[in-house]
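These notes concern the structure reproduced below.
Each chain gets a letter, A, B and so on, in the order the sequences are listed, and its residues count up from 1.
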Number of protein chains: 2
Amino acid sequence: MSLASAVPRPAGGVAPLFFALGDETRLALIGRLGEGKPLSIAELASGSAITRQAITKHLNVLAGAGLVRDRRRGREHLWELEVRRLDDARAYLAQISRQWDEALDRLQQFVER
Amino acid sequence: MSLASAVPRPAGGVAPLFFALGDETRLALIGRLGEGKPLSIAELASGSAITRQAITKHLNVLAGAGLVRDRRRGREHLWELEVRRLDDARAYLAQISRQWDEALDRLQQFVER
DNA sequence: GCCTTGTGCAACCGTTAGGTTGCATGATCG
DNA sequence: CGATCATGCAACCTAACGGTTGCACAAGGC
């Protein structure tokens, strides 16, 4: 009955995913990592008004949501974007839109007969 | 230069939008409102483990992000989904994906020559 | 071996989020 | 008018968030 349960959620749930996206600083990080080149924490922190440790925390939040992945090279950690995870979020939003459209169609037909 | 600033953001910024989506309870509300039928606060609260006032707060957060709109009928407020706002979020995600793909293409060409 | 550089870890702090309870208010139905 | 039902408003509480500072540590460069 409940359509809510009919909406399949990616592993781990979408809420943490959206939560990770719901912060200006984190969006900025995603934007920079989206330029393609993997960056170290120090590189991400330099030029930012924020502390390196704060950046680290944000990266961990993003990593927890699967939005970002780190790979160490020597003594430094290179972080890069995990684009597929963005698709999960998009798919979820698309599904709700579809559910909405279909519901409106049903209501429309119900009115017309 | 910075590609981050090249990503157009919907009015009000996307961060609040994603923030509003980043909560399990709020996602459930969106799911129920996505069924098409406008619902009152009391209707949304009944059957929920949560207090009516908590629901009200969540609805206000969603309204603040433009994800939901209320229309009063007599003494009750009917809430309904604002689907277009979901498209804003989707467009933003799509843009980052596109930025990523293009960046990878450039890097690829750089390697090949 | 030393000094530097990139991180991690832990404690701490102010603010906000999510939730509750209690009471006031406004529209509706007898 | 009086009882009732759907809300709003405000205070309060706890836990988490976003940020900082300080120090320890491991990997390179010289």
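A cation-pi geometry, defined here as NZ or CZ lying under 6.0 Å from the six-membered ring centre and within 45° of its normal, does not hold between A:Arg26 and B:Phe18.
Side-chain atoms of A:Gln99 and B:Glu35, non-hydrogen and from C-beta on, do get closer than 4.5 Å to each other.
Salt bridge B:Arg73/B:Glu76: present, at least one basic N to carboxylate O contact under 4.0 Å. Between A:Asp88 and A:Arg85 a salt bridge is recorded (basic side-chain N to carboxylate O distance below 4.0 Å).
Here chain B contacts DNA chain C (any atom closer than 4.0 Å to a heavy atom, that is under 4.0 Å), and the contacts span C:dG18 to C:dT28 from 5' to 3'.
Regarding A:Leu59, its CG atom lies at a distance of 15 Å from the C1' atom of D:dG19, rounded to whole Å. The nearest whole Å value for the distance from the CG atom in A:Asn60 to the C1' atom in D:dG18 is 13 Å.
The closest donor-acceptor contact from the side chain of A:Arg90 to the backbone of B:Ala91 lies at 3.5 Å or more, if one exists at all.
Taking both residues in full, the closest heavy atoms of B:Glu43 and B:Arg32 are given as O-NH1, 3.7 Å, listed atom of the first, atom of the second, then distance. Across B:Leu59 and B:Val68, no two heavy atoms sit closer than the pair O-CG1, 3.8 Å.
Counted by atom type alone, B:Gln53 and B:Thr56 present zero donor-acceptor pairs between their side chains at under 3.5 Å.
Only B:Gly74, B:Arg75, listed by number, bring a heavy atom of residues 66-81 of chain B to less than 4.0 angstrom from any atom of DNA chain C. Listed by residue number, the members of residues 37-55 of chain B with any heavy atom below 4.0 angstrom from DNA chain D are B:Ser40, B:Ile41, B:Ala42, B:Arg52, B:Gln53.
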